Amino acid sequence: MAYWLMKTEPDAFSLQDLQRRGQEPWDGIRNYQARNFLRSMQTGDEVFIYHSRVPAPGIVGTAEVVCAAYPDPTQFDPQSKYYDPASHPDRPRWDLVEVAYRRTFAQGIALDTLRTIPEFSDSPLIRKGNRLSILPITSSQWQYILQYAG
DNA sequence: GCCAACGTTGGC
DNA sequence: GCCAACGTTGGC
């Protein structure tokens with residue numbers, strides 16, 4: 001069992017949207033490093049949901065991986081904004097996992113706060129210019145945040 | 001909305 | 001294989 005963090009822009013898809021839907025295919029990942037993380041995710045892995053591009057970005061709650069990686073259908077859909085004409089069905093380039101809503105933290109953990117937590121000092125999450133939308137979380141980071149969130 | 005930082009693309 | 005140009009991410 002592993003821990004992860006997935007970023008989302010709440011204007012496009014928020015933790016509240018995930019709560020309403022219950023479960024969601026996390027499509028549209030078009031970064032090789034993030035894709036490789038997707039491919040190593042397993043059912044039962046736990047996930048922090050992070051809201052980006054908001055006045056106070058940070059971790060807002062949790063989800064769980066309920067379906068391991070399979071090819072992201074949007075890469076083959078010319079109508080989709082995630083369409084990738086260079087990807088072919090016999091050798092799909094992009095995958096997705098499905099995640100289910102778990103909980104919303106009573107108080108989120110802002111990026112400003114994460115920067116002050118020693119467990120996160122080496123995390124790409126707090127590095128300037130970091131663009132990884134999916135990243136691994138250590139068990140000590142997971143425990144710390146859960147305790148912080150109460 | 002701005003723009004620094006970064007990943008990707010493509011000409012050479 | 002280099003690297004300039006381009007597109008995107010994400011904090012502010």
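Note that this is a predicted model, so its numbers are computed, not measured. Just so we're on the same page: letters track the sequence lines, and every chain starts at 1. Heavy atoms only: backbone and side chains are in, while hydrogens, waters and symmetry mates are out.
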Is the distance from the ring center of Trp94(A) to that of Phe76(A) below 6.0 Å? no
Ring-plane angle category for Phe37(A) and Trp4(A), please: parallel below 30°, perpendicular beyond 60°, tilted otherwise. tilted
Short question: side chain of Lys7(A), backbone of Leu132(A) - any donor-acceptor pair under 3.5 Å? yes
Cut-off 3.5 Å, no hydrogens considered: what does the side-chain donor-acceptor table look like for residues 112-119 of chain A, sequence neighbours left out?
unit_1, atom_1, unit_2, atom_2, d
Arg115(A), NH1, Ile126(A), O, 3.3
Thr116(A), OG1, Thr113(A), O, 2.7

So what does Arg127(A) hit on the nucleic acid, given a heavy-atom distance under 4.0 Å: a base, only sugar-phosphate, or nothing? nothing
Shortest non-hydrogen contact from Ala34(A) to Ile29(A)? CB-CG2, 3.6 Å
Contact pattern, 5' to 3', of nucleotides 4-10 of chain C - B, S or - by protein heavy atom under 4.0 Å: ---BBSB
